[in-house]
Amino acid sequence: MDLSFLGKLLPMLFTGLRVTILIAVVGILLGFLVGTLAGFALESRIKLFKGLANVYIWVIRGTPLIVQALYVYYVIPKLFGIDLSSNLSGILVISLNSGAFIAEIVRGALNGIDPGQREAGLSLGLTPAQTTWHIIVPPAFKSILPALFNQFIISVKDTALLSVIVVNEITHQAQNYASLSYKTIPTYTTLAVFYLVLISILIIVQKMVERKVMR
Amino acid sequence: MGTLLKIRNIMKNFGDLEVLKDISIDVQEGEVIVIIGPSGSGKSTFLRCINQLETPTSGEIWYKDRNVMDPNQTQLRDFREEVGMVFQRFNLFPMKTVLQNVMLAPVLTKKKDKVAARAKAMELLEKVGLGDKANAKPSTLSGGQQQRVAIARALAMEPVALLFDEPTSALDPELVGDVLNVMKDLAREGMTMIVVTHEMGFARDVADRVIFMADGYIVEEGKPEEIFTHPKNDRTKTFLSRVLEA
C-alpha cells in the first residue's frame with residue numbers, strides 16, 4: 001500500500017486540528033458560561049430574565065447549526081456593520097449553540113436539588129447568593145457533569161459543520177485535500193480516525209474528572 | 001424574662017386553601033412550647049411562617065422590638081441567625097463533611113475565623129455525642145445521628161431560640177431517644193424552643209406550654225398536665241385519646 005499521501009495529508013490535518021481544538025475549547029468554555037447564566041435565568045423569579053432565556057433557547061433549538069453558522073457569518077456582519085472572521089464566527093456559533101443545551105442541563109440540575117437545601121441555608125442566616133454558591137452549586141455541578149461532557153463531545157463534532165463558513169478546521173482541510181487528490185477513501189478514513197482519537201481523549205478526561213468528583 | 005416573640009393573627013393561604021386561619025401566640029424567653037395536633041392542621045406551616053420560609057398572607061411577627069415581616073432582607077437574616085431551625089428531613093449538606101456542615105454558616109455570616117469556628121463546631125459535636133464523626137459525610141450516618149448534626153449546626157449560630165419541625169418523625173423508633181435527649185438537655189439549659197412533634201412523652205415532660213392545633217386554629221393551649229389530663233375541648237380529647245392509646 002502506498003502511504004506517501006500521508007506526507008501531504010497529515011500536515012494539513014494537523015493544521016486543521018489546531019483550529020478544531022481552538023474553536024471547540026473556547027466555544028465550549030464560553031458556552032458553559034452562557035449556558036450557566038441562561039440556566040439560572042430560567043429558574044429566576046425575574047420575568048424578563050426568564051423570557052430572554054426562553055427565547056434564546058427556542059431560537060437555537062429550533063434552527064439547524066448550519067443555518068446558525070450561515071446567519072452569524074453572513075447576516076450579522078451586514079446587520080451591525082462589523083467584521084467577523086470565520087474563526088470568530090465559529091467560536092460564536094459553537095458557544096451560542098452549546099449554551100442553549102447547557103442551559104437546559106443546568107435548569108434540570110437546579111430543579112433536582114431538594115428545596116430543603118436552600119431552606120437550610122436561609123434558615124442559618126445565609127444570603128440567597130451565599131446559599132446558591134455554597135449549598136446549591138456544588139451538588140448541582142456534580143450532577144450535570146455527565147450531561148456536560150456529552151454536550152462537549154457533540155460540540156467538538158459540530159465544529160465539522162463550520163466548513164460551510166470556510167473555517168479551516170480539520171474536516172474542511174480533509175475536503176480540500178480530497179478534492180485535489182481524489183484520494184477520498186484514505187483521506188476520510190484518516191479524518192475519522194482523528195475524530196475518534198480526539199473524542200476518546202475527551203472520554204478519558206471525563207472518566208478522570210468524574211472519578212475525582214464522585215468520591 | 002421578657003417576651004421574645006409576639007405573633008399576631010397569622011393567616012396563610014395556599015391558593016384557595018386556608019392553612020392558617022388566625023394564629024396568635026407570645027413566646028417568653030426560655031420557654032419551651034410544644035405544638036401538637038393532627039397532620040394537616042397547619043403546625044409545620046405555622047413554624048415555617050415564623051422564620052419566613054413561608055410568607056404569611058397576613059398578620060404580624062415581632063421579635064423583641066423588631067418587625068420580622070419587614071421586607072428588609074438584612075433584618076430578616078439577623079433574625080434567622082438568632083432563631084435557628086431543625087428540619088424533619090435534617091437537610092444536611094451532602095457534599096460537605098459533618099464538621100463542614102456545622103462550621104459553614106458561622107464562617108460565612110459572622111465572619112468568625114475558621115480556627116474559632118472549628119473549635120466551636122467540635123465542641124458542639126461532642127455535646128451531641130458525635131465528636132468522632134467530624135470527618136464523615138452525612139450519608140454515612142444514621143438518621144438519628146444526622147439529626148443531631150443538624151441540631152449542632154443550628155447551635156453553631158449561637159441562637160437565642162430554636163424551631164423544631166417534627167425533628168423525630170423521619171427516624172426509626174429506636175433512634176428517636178438520642179435526639180430527644182439532646183433536645184431535653186437544651187431545654188434544661190434554658191434554650192427557648194418551639195417544637196412541632198408527635199412525641200407526647202416529650203411534650204408532657206419538657207414543655208412549659210402545650211398548644212393543640214387543628215384546622216388552622218389554636219384549639220386549646222395550657223400547661224402539659226392540664227392539656228393531657230383535663231383537656232377542655234372535644235377536638236383535643238378525641239385527638240389525645242387516639243394518640244395516647246397507640
Side-chain angles (χ1 to χ4, degrees), chain A residues 32 36 39-41 43-50 102 105-149 205-215, chain B residues 44 47-48 50-55 73-97 100-112 137-139 146-147 149-165 170:
Chain A
F32 179 58
T36 305
F40 273 97
E43 288 292 286
S44 163
R45 265 185 282 172
I46 301 169
K47 288 237 161 66
L48 176 70
F49 292 171
K50 207 174 181 152
I102 291 170
I105 296 169
V106 168
R107 189 245 297 265
L110 293 177
N111 258 328
I113 304 290
D114 172 8
Q117 292 287 304
R118 173 168 292 278
E119 291 180 353
L122 295 178
S123 78
L124 287 163
L126 305 190
T127 65
Q130 285 172 329
T131 305
T132 300
W133 181 247
H134 293 279
I135 294 166
I136 307 297
V137 166
F141 184 71
K142 178 173 154 181
S143 74
I144 66 172
L145 271 179
L148 208 52
F149 271 102
V205 172
Q206 172 177 11
K207 293 271 178 280
M208 278 169 20
V209 172
E210 284 182 2
R211 201 171 307 142
K212 206 171 153 77
V213 175
M214 295 302 165
R215 264 190 307 144
Chain B
S44 286
L47 205 65
R48 292 159 57 81
I50 296 177
N51 69 350
Q52 306 288 298
L53 288 182
E54 304 286 355
T55 311
Q73 289 299 303
T74 316
Q75 196 166 310
L76 175 59
R77 282 201 298 280
D78 289 346
F79 171 73
R80 284 169 169 167
E81 284 181 26
E82 291 183 33
V83 179
M85 189 172 218
V86 174
F87 299 86
Q88 181 176 359
R89 301 226 155 252
F90 333 131
N91 298 355
L92 294 178
F93 310 132
M95 289 181 70
K96 302 191 184 330
T97 65
Q100 287 166 340
N101 264 274
V102 179
M103 287 173 60
L104 181 78
V107 172
L108 287 178
T109 58
K110 297 203 162 162
K111 317 290 176 212
K112 211 176 209 184
K137 287 282 170 69
S139 59
Q146 290 190 47
Q147 193 60 296
V149 173
I151 293 173
R153 180 176 70 176
L155 289 173
M157 295 303 290
E158 297 172 339
V160 174
L162 281 178
L163 312 172
F164 291 84
D165 184 9

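Nothing here was measured: the structure is a model prediction, and the numbers come from that model. Chain naming here is simple, since letters A, B, ... match the order of the sequence lines and numbering starts at 1 in each.
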Would B:Arg153 and B:Phe90 count as a cation-pi pair here, with the cationic atom under 6.0 angstrom from the ring centre and within 45° of the axis?
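Judged by the rule, B:Arg153 and B:Phe90 form no cation-pi pair.
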Counting only heavy atoms closer than 4.5 Å, note whether A:Leu124 contacts chain B via side chain, backbone, both or neither.
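A:Leu124 touches chain B through backbone and side-chain heavy atoms alike.
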In terms of heavy-atom pairs under 4.5 Å with chain A, which of B:Leu92, B:Leu76, B:Asn51, B:Val86 leads?
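So the answer, after comparing B:Leu92, B:Leu76, B:Asn51, B:Val86, is B:Leu92.
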If you take all heavy atoms of A:Ala109 and A:Ser143, which pair is closest and at what distance?
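That would be CB-OG, 3.5 Å.
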Sub-3.5 Å donor-acceptor pair from the side chain of B:Gln100 to the main-chain atoms of B:Thr97, do we have one?
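A pair under 3.5 Å: yes.
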When rounded to the nearest 0.5 angstrom, what is the spacing between CD1 in A:Ile135 and CG in B:Leu104?
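Interatomic distance, A:Ile135 CD1 to B:Leu104 CG, rounded to 0.5 Å: 5.5 Å.
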Side chain, backbone, both or neither: which part of B:Phe93 has a non-hydrogen atom closer than 4.5 Å to chain A?
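Both backbone and side chain of B:Phe93 come within 4.5 Å of chain A.
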